[in-house]
Amino acid sequence: MKTTLKITVVLVMLFTIVSCNKKTRRNYQYMPNMYQPVGYEPYQESDAFKGDMEAQLPVDGTIPRGYSLYEIEDTTEGYEEAKAGLESPLDSSAVDYARGKELYDIYCGICHGNKGDGQGTLMKREKILGVPSYDTRELTAGSIYHVIYYGLNSMGSYANFMSEEERWQVVAYVEKLKADLEK
Amino acid sequence: MKHVIYRNLTSNILRLGFILLLTFSTTVLAQEGDPAKGKTLFNTNCAACHKLDKKMTGPALRNVEARLAEDEGLDREWLNKWIRNSSALIKSGDTYANKIWNEYNQTAMNAFPQLSDQDISDILAYTAATPPPPPEDPCIANPNGPNCGGGEPVDTLSNSIILGALALLFGLLAMALVLVNRTLKRFADAKGIAVAESDKGTPIWKAFIQNQFLVLVTSIALLLASGYFVYGYFMQVGVDQGYEPVQPIHYSHRIHAGDNKIDCKYCHSSARVSKTSGIPSLNVCMNCHKSIGEVAAETQLEGQEYGVDYNAEIQKLYKAVGWDETNQKYTGETSPVKWIRIHNLPDFAYFNHSQHVSVAGIECQTCHGPVEEMEIVSQYAPLTMGWCINCHRETNVKIKDNAYYTKIHEQLSKKYGVEQLTAAQMGGLECGKCHY
């Protein structure tokens, strides 16, 4: 009788150890103080910051280095102003269609289609509706940039995905797609 | 007699013409639209701002024509004018046009001068069509069918019930055997029959202990085996391969990156340019989820396999970002989503995404596995130092189109006498590159 008791005790202990090894929990570490960072990691929780998180917006009235101000407002008048007046700072030698295409295929192709005909994967699967083909709209470099920066109605803003220069590369690529579609 | 024919001819022509006019004008008035064509037109032109049953940028359009006729006494004429050029109608001082325009914060609706009368009646026929019934949910008809049940996947539930029942059965059997044995013995005692005792030879384990050679071999084997397991156990301490935490929002890469083919860098945008790959902020989600408030019915059915209600998960997203779905406005009350980090190198090792993704051009899947098939992300690679080093030994540096590398590549390949440099030969094994 005693042996059966011992065997059950050992089995129960083994079982508990094995069942501790769950996929939803992290493994043990040898020396956690060498593993866990002392400095702040991206997205870390920390009570040193507003809202207890490390990720913060730039302070009002400041511009990060390498950025410049975009002063046209997000209104219908702003859109018209950009359409009429805003021009690309890239000259023809700085336009790089290969990079423009790469960025466009990542960020815009999913809705607008890689050809700009409004037939992206999400449109074909009817998840998102009403994406226009570029040749049905009247576009200028300025209006495209404005739409990337602020979005338009149900299209969101894509300003935080790309740097200013990258945005203008995409603008150049969209103009090329529109010209190709209109051929 | 002939005269009669001629006399009647004019009136006959008149009559015929009148009938023709009537038939034509009735078709013009009735304007039988084609809902199928209307759907395509609606999806390309109007769906950016209008849904049938829900407010978006513009009002819900199900049965607009009937609604406007009943509530406002507006006819097809008005609708044609509105759709072809709403701002002209507003400027002309039309009361209802101005009312609805102000109600929607003076948002301008696009003008559609290119739409013909027929196009517009197709669209309106589509808005008036009765919605198709949602696909049969097998669980409504038969709540006990396979894959149904409140949240919990039934498979595992029924499995555990069956297992429990089996265990109970075995327990009962064992007890019955013991009881039978005991009663039999008691009978035997009562009848005075001696139960045969087993033979008193040397038991096998005693013979084994007496043979010293066998004992030695077995203990060495045992030691080696346990050493192997102990080593294995100590080596996996600190390695989180397969780690799969439960996230605050059940976000599925299978649906987004797999079924809908959204590029990894759409969301993990900073992998292109920085050390961290980053988790998308919620405004990125809202680029699509402003329009996708609930998943398609088929997707919702798929969710039952995993025991999640996908629509409820999207509501969690709306709650976190503070999106008021009925009014299509942000409320400003946000609460950050606390995603649980999975891949995490120790503080003393440095890893940079842009070096591997943009410079070396390595696919995400090489290191993270088939993420586009994962319902819940789990850690695919061990992320040990051996794993990094192995790949640096095996992978060639991508020098094409990289002006920085032309010179150093020439010199190094001369030094090593090879065509293609591996990352290791370029210095990918130096401790200081990853530890500092």
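A, B, ... follow the sequence lines: proteins, then strands. Residue 1 opens every chain.
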Open item on the list: Would you say that B:Arg341 contacts A:Glu41 through its side chain, given a criterion of any heavy-atom pair below 4.5 Å between the two side chains?
Closed with: yes
- [ ] Tell me, for B:Cys46 versus chain A, whether the close heavy atoms (under 4.5 Å) come from the side chain, the backbone, both or neither.
- [x] neither
TODO: Could you tell me if the ring centre of B:Tyr266 sits under 6.0 Å from that of A:Phe161?
DONE: yes
Open item on the list: Quick check for you: among A:Val131, A:Leu152, A:Thr121, which has the greatest number of heavy-atom pairs under 4.5 Å with chain B?
Closed with: A:Thr121
Open item on the list: Heavy-atom pairs under 4.5 Å with chain A: which of B:Asn260, B:Asn344, B:Leu345 has the most?
Closed with: B:Asn260
Open item on the list: Is B:Ser270 close to chain A through its backbone or its side chain, or both, or neither, when contacts mean heavy atoms under 4.5 Å?
Closed with: neither
Task: Part of A:Met31 lying under 4.5 Å from any heavy atom of chain B - done: neither
- [ ] Could you tell me which of B:Asp263, B:Asn287, B:Val239 has the largest number of non-hydrogen atom pairs under 4.5 Å with chain A?
- [x] B:Asn287
Open item on the list: Counting only non-hydrogen atoms closer than 4.5 Å, does B:Val295 touch chain A with its backbone (N, CA, C, O), its side chain (CB onward), both, or neither?
Closed with: neither
Task: All side chain to side chain contact (heavy atoms under 4.5 Å, CB included) counterparts of B:Gln114, not counting sequence neighbours - done: B:Asn45, B:Phe112
Task: A:Tyr67 atom OH, neighbour heavy-atom count above 12 within 6.0 Å - done: no
Task: chain B contact via A:Leu122 - which portion, at a heavy-atom distance below 4.5 Å - done: side chain
Task: Ionic contact status for A:Glu102 with B:Arg272, cut-off 4.0 Å - done: no
Task: Choice from A:Gln29, A:Gln36, A:Arg125 maximising heavy atom contacts with chain B below 4.5 Å - done: A:Arg125
- [ ] Select, from B:Ser281, B:Ser291, B:Gly278, B:Ala296, the one with the greatest count of heavy-atom pairs under 4.5 Å involving chain A.
- [x] B:Gly278
- [ ] Using atom types as modelled and distance alone, determine if a side-chain donor or acceptor of A:Ser157 lies under 3.5 Å from a backbone N or O of A:Tyr149.
- [x] yes
Task: Residue part contacting chain A, namely of B:Asn283, when any heavy atom lies under 4.5 Å - done: side chain
- [ ] Using a cut-off of 6.0 Å, state whether more than 12 heavy atoms not belonging to B:Leu177 lie near its atom CG.
- [x] yes
Task: Contact class of B:Ile342 relative to chain A, heavy atoms under 4.5 angstrom - done: backbone
- [ ] Could you look at B:Phe234 and say if it's the side chain, the backbone, both or neither that has a heavy atom under 4.5 Å from chain A?
- [x] both
TODO: Let me know if A:Tyr43 has heavy atoms under 4.5 Å from chain B in its side chain, its backbone, both or neither.
DONE: side chain
Task: Among the listed options B:Val246, B:Ile279, B:Thr299, the residue most often paired with chain A at heavy-atom distances under 4.5 Å - done: B:Ile279
- [ ] Decide yes or no for A:Tyr70 and A:Tyr145: does some side-chain heavy atom of the first lie under 4.5 Å from some side-chain heavy atom of the second?
- [x] yes
Task: Contact check, side chains of B:Glu294 and B:Ile314, non-hydrogen atoms, under 4.5 Å - done: no
Open item on the list: With a 4.5 angstrom heavy-atom cut-off, is it the side chain or the backbone of A:Gln44 that approaches chain B, or both, or neither?
Closed with: neither
TODO: Give a yes or no on whether the backbone of A:Asp52 and the side-chain of A:Ser46 come within a donor-acceptor separation of less than 3.5 Å.
DONE: no
Task: Any donor-acceptor N/O pair, A:Gln169 side chain to A:Asp96 backbone, under 3.5 Å - done: yes
Task: Leading residue by heavy atom contact count with chain A [cutoff under 4.5 Å; candidates B:Lys265, B:Met286, B:Lys275, B:Lys290] - done: B:Lys265
